[in-house]
Structures are given as C-alpha cells and as structure tokens.
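In what follows, every chain begins at residue 1, and chains take the letters A, B, ... in the order their sequences are listed. Values in this document were obtained by computation on a predicted structure and should not be read as measured data.
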Protein chains: 2
Amino acid sequence: MPTAPPPFDEFDHRLLALLQADAQRTLTELGDTVGLSASAVQRRIKRYRESGLMRMVGVLDIAQLANVTLATVVVALERESARQHAALHARLRAAPEVQQCYSLAGDWDYLVILATTGLAHTREVVERLFDADKNLKRYETRLVFDVVKRGLDLPTRRRSRGAKDGVHGKK
Amino acid sequence: MPTAPPPFDEFDHRLLALLQADAQRTLTELGDTVGLSASAVQRRIKRYRESGLMRMVGVLDIAQLANVTLATVVVALERESARQHAALHARLRAAPEVQQCYSLAGDWDYLVILATTGLAHTREVVERLFDADKNLKRYETRLVFDVVKRGLDLPTRRRSRGAKDGVHGKK
DNA sequence: TATGAAATTCCCTAAAC
DNA sequence: GTTTAGGGAATTTCATA
C-alpha cells in the first residue's frame, strides 16, 4: 500500500513550477529564487524524483527539426469493451510515433498526437495503428501546420477559488 | 543570420533519444551507452543546449496530482486574417492553463489542450479564452477522461525509407 | 575538427546541527 | 530548516588522430 499523499507547501508549488519550466538550474539558484537553502531544495527534489512525481526529460525545439510532421487523430471505437481499450492502449504506448494519447468524453473516444518523420511516415503509422483495427468505428486525421505552444506543465495547487485575473488583491 | 543547420550523426541521434526519455543520467552513463567518452557527450549536450535545440524540463506524473483536469478544445476562427491569428496566439501562449496549441489543416483551425485545477477552472478558462472572442466562429470542448500516453518526444532522423517493422534486415 | 584522458572546478549529496 | 564537509559529476585543458 502506498504511503499517504504528501500535501504540497508553498515551497513545493514554486519549486515544481520552476522545474517544469526549466530543470537546468542549480540547487543554489532554485534556493535563492524560492528562499530556501540548496540542501533543502535538494531534499525536496530528491523526494519528487523518488516518489515518481517528477522526472527530467530533454525537450527538443521542433522548429530546428526539419522533416518532423505532427498530426492529430481522433478515434471512435466500435464496441466499448475493456479488452478492446486495453489492446489499443498497449499498441499506442508501444508505438514511438505516438507522442500523446488521451481518452475523451463525448463522441470521440481518443485523441492521439503523432510525431513522425514526414507525411508518408504519418500515413504508414495511421494505417498500421488505426486502419487495420477492426474495432475502430471511425477516425479522423488532421495535420498540424504549426506549433503555437508546446509543453506538459501541470498545475500543482489544489483549487484557488476566484483565481481569475485581478481577483487576488495582495501585494 | 544563423549558422548553417548542423547535421546529426549517429551519436547525436542516440543521445537525443536517450535524453528525451530521461535527462537524469550522468555523462558517463550516456557515454557508455552510446560508446563515447563523458567529455564528448558533455560537449554535444552543451551544443544542444546553447543552440536552443534542447532544454531540460521536469515532467510531473499526472496520476499523482489530484484535482488536475485536462481538456481539449478545437477552434475555428471567423476570419482568417493574420492579425486575428497572432492575437489568439499571444493570448494562448500567455495563459498558463494552455498546455499545448497546434494550428491544424482542415475544418478546425486549432487544437488546444488545457490543464486546469478542476472543472470550474476549465470552464472559466474556456469562457475567457474562447467564448469572449468575437472572431471565433466555433469551438468544441472535450474533457479528458484518462491519459494513455504523454510526452513530447520527437524523431531526429530525417527519413528512413521502409522504416516499417522488420524491413531493415541488418544485424 | 572532434576525440579521450587527466586536471580542475563546481555542484550535488549526505552528514551533523 | 540551515550549515558544513566530502565525494562525484560536470566542465575545461591538453595532447592527439
């Protein structure tokens, strides 16, 4: 049984925000920014990593990578059996071209984002992953023209009511 | 004028793949894996970072973050003027809840992925970003039930023809 | 020009407080 | 949580192919 979920304090929120934006900074820099010693920062980050909460990855600038093609695919399954979903999940997770996959509420069951080395590659992958699947009712592919924003940042705070702009009148 | 685009060699491909998967490894580990000295690896990574090709970020495990809500929004603009697009881009980039945004080919102009602290927050953000925009023709919001796969990995190779499974008969 | 090995510096890490 | 001390990794230097 996993240990109880540790609540975040203000230091955690600020550190996690900083690290999501840039994991390159030194412990001293981070500590100076949030008002903590490097050791304290180190201990916290160690906890994040060992608990599996955070991992560090390299993110490439897609603008510097010619011949990279992004595409989105929305998918609807024929039958909603758990087995069919699990099989699809495994297939998508195993495919390196599948960058992201989300199950959705509503008329479409999944949104899939593909990252390939070109249009022909995209076509290959779509046919292999989706066209060949007999349990797929329908899918629609849309090519990505441009990337306006790209990241995986998540909010760590629980819920600040009235968090809209300009509501918090402090400082 | 920027310098000429540097082509990747086999070492670069393997290093970039490793770093996209896990940027935590030491230079020695990376070097042992790809068959290079720690110095050589360090120099390459330094180049990746200084050229802006790669940055390191922390990625949080969404499963450990209760009260995080993901949603997708597809958007169609009323008029296709460059000014309208630029304005929308700026607004989306500035919004912390907008995790990703792609411009699309086809009937929808944009796909937006939102990461908020709850349903109410999602609604707030959608209304602020999309409902208030008079140049928006139409948008559709879909909530994310589950995350099947999540990453930003990009392929670095140019194009290997016949890259389908089992075609390459070497080794 | 890019490499590997050695030398140096700096940062991360784990004490002790 | 901070300060301190130590080991280890990142970075630079240098000789080399």
Side-chain angles (χ1 to χ4, degrees), chain A residues 2-61 64-67 152-153 156-158 170-171, chain B residues 1-61 64-65 152-153 155-158:
Chain A
T3 78
F8 297 137
D9 63 13
E10 195 56 30
F11 290 126
D12 289 320
H13 291 305
R14 298 190 61 189
L15 282 175
L16 291 169
L18 286 169
L19 291 166
Q20 288 187 87
D22 176 13
Q24 207 74 55
R25 277 175 281 235
T26 66
L27 298 176
T28 306
E29 287 175 313
L30 292 168
D32 289 345
T33 305
V34 304
L36 227 50
S37 72
S39 298
V41 172
Q42 192 273 335
R43 218 175 296 127
R44 282 166 187 262
I45 292 181
K46 180 192 173 84
R47 290 207 296 107
Y48 304 154
R49 298 213 269 105
E50 291 185 344
S51 68
L53 173 65
M54 188 179 70
R55 66 197 182 98
M56 310 291 202
V57 302
V59 176
L60 304 189
D61 178 13
Q64 294 191 39
L65 254 45
N67 303 45
L152 293 177
D153 298 36
T156 61
R157 296 175 197 275
R158 282 206 169 269
K170 46 173 290 195
K171 192 53 170 302
Chain B
M1 203 170 208
T3 78
F8 297 137
D9 63 13
E10 195 56 31
F11 291 126
D12 290 319
H13 290 305
R14 298 190 60 188
L15 282 175
L16 290 170
L18 286 168
L19 292 166
Q20 287 187 87
D22 176 12
Q24 207 73 51
R25 277 175 281 236
T26 67
L27 299 177
T28 306
E29 288 175 312
L30 292 168
D32 289 345
T33 305
V34 305
L36 227 50
S37 71
S39 302
V41 172
Q42 192 275 335
R43 247 187 313 246
R44 282 166 188 261
I45 293 181
K46 180 192 173 83
R47 290 206 295 108
Y48 305 153
R49 297 213 269 105
E50 291 185 344
S51 67
L53 173 65
M54 189 179 70
R55 66 197 183 97
M56 310 291 202
V57 303
V59 176
L60 303 189
D61 178 16
Q64 295 191 38
L65 254 44
L152 293 177
D153 297 37
T156 60
R157 296 176 197 276
R158 281 206 169 271

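In this structure, the side chains of B:Arg157 and B:Glu10 come closer than 4.5 Å at one or more pairs of heavy atoms. With a 4.5 Å cut-off on side-chain heavy atoms, A:Val59 and B:Val59 do not count as touching. Between A:Leu152 and A:Val57 the shortest side-chain heavy-atom distance does not fall below 4.5 Å.
In this entry the distance linking CG of B:Leu27 with P of C:dC12 reads 13 Å, nearest Å. What separates CG of B:Leu36 from C1' of D:dA10 is a distance of 16 Å, to the nearest Å. Note: CZ (A:Arg44) to C1' (C:dA14) measures 17 Å, nearest angstrom. Following rounding to the nearest Å, B:Tyr48 (OH) and C:dA2 (P) show an atom-to-atom distance of 12 Å. Between B:Leu30 atom CG and C:dG4 atom C1' the separation is 16 Å, expressed in whole Å. Here D:dG8 presents its P atom at 14 Å from CD of B:Glu29, a figure rounded to the nearest Å. Summarising the geometry, the separation between CD on B:Gln42 and C1' on D:dT13 is reported as 12 Å, rounded to the nearest angstrom. Taking atom CZ on B:Phe11 and atom P on C:dT3, their separation rounds to 7 Å, with Å as the unit.
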Checking side-chain contact (heavy atoms from CB on, under 4.5 Å) for the pair A:Leu19/A:Leu30: CA distance, chi angles, key distance, verdict? CA-CA 9 Å; A:Leu19 291 166; A:Leu30 292 168; 3.9 Å; yes

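Closest to the side chain of A:Lys46, out of D:dC14, C:dA14, D:dG1, is C:dA14. When each of C:dC12, D:dG1, D:dT11 is scored by its nearest atom to the side-chain atoms of A:Asp9, the top-ranked nucleotide is D:dG1. Comparing C:dT13, C:dG4, D:dT12 by their nearest atom to the side chain of B:Ala40 picks out C:dG4.
Residue A:Arg49 has no polar side-chain atom (N or O) positioned under 4.0 Å from OP1 or OP2 of C:dC12. Between B:Arg47 and the phosphate of C:dA2, there is no side-chain N or O to OP1/OP2 separation shorter than 4.0 Å.
When atom types are taken as modelled, the side chain of B:Gln24 and the backbone of A:Arg49 share no donor-acceptor pair closer than 3.5 angstrom. For the pair B:Arg14 (side chain) and B:Thr33 (backbone), a donor-acceptor distance under 3.5 Å is present.
Note that CG of B:Leu27 is 13.0 Å distant from CZ of B:Arg44, once rounded to the nearest 0.5 Å. Distance check, rounded to the nearest 0.5 Å: CZ of B:Phe8 to OG1 of B:Thr156 gives 6.5 Å.
For B:Arg25 and B:Asp32, the salt-bridge test fails: no basic side-chain N is under 4.0 Å from an acidic carboxylate O. In this structure, B:Lys46 pairs ionically with B:Glu50, as a charged nitrogen and a carboxylate oxygen lie closer than 4.0 Å.
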Which nucleotides of DNA chain C pair, in dot-bracket form (Watson-Crick or G-U under 3.5 Å, | meaning another strand): ||||||||||..|||||

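Across all strands shown, B:Thr26 has heavy atoms under 4.0 Å from sugar-phosphate atoms exclusively, and none from any base.
You won't find any donor-acceptor pair under 3.5 Å spanning the side chain of B:Arg43 and the base of C:dT1, going by distance alone.
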Close N or O pairs between protein and nucleotides 6-8 of chain C (under 3.5 Å):
unit_1 : atom_1 : unit_2  : atom_2 : d
C:dA6  : N6     : B:Ser39 : OG     : 3.4

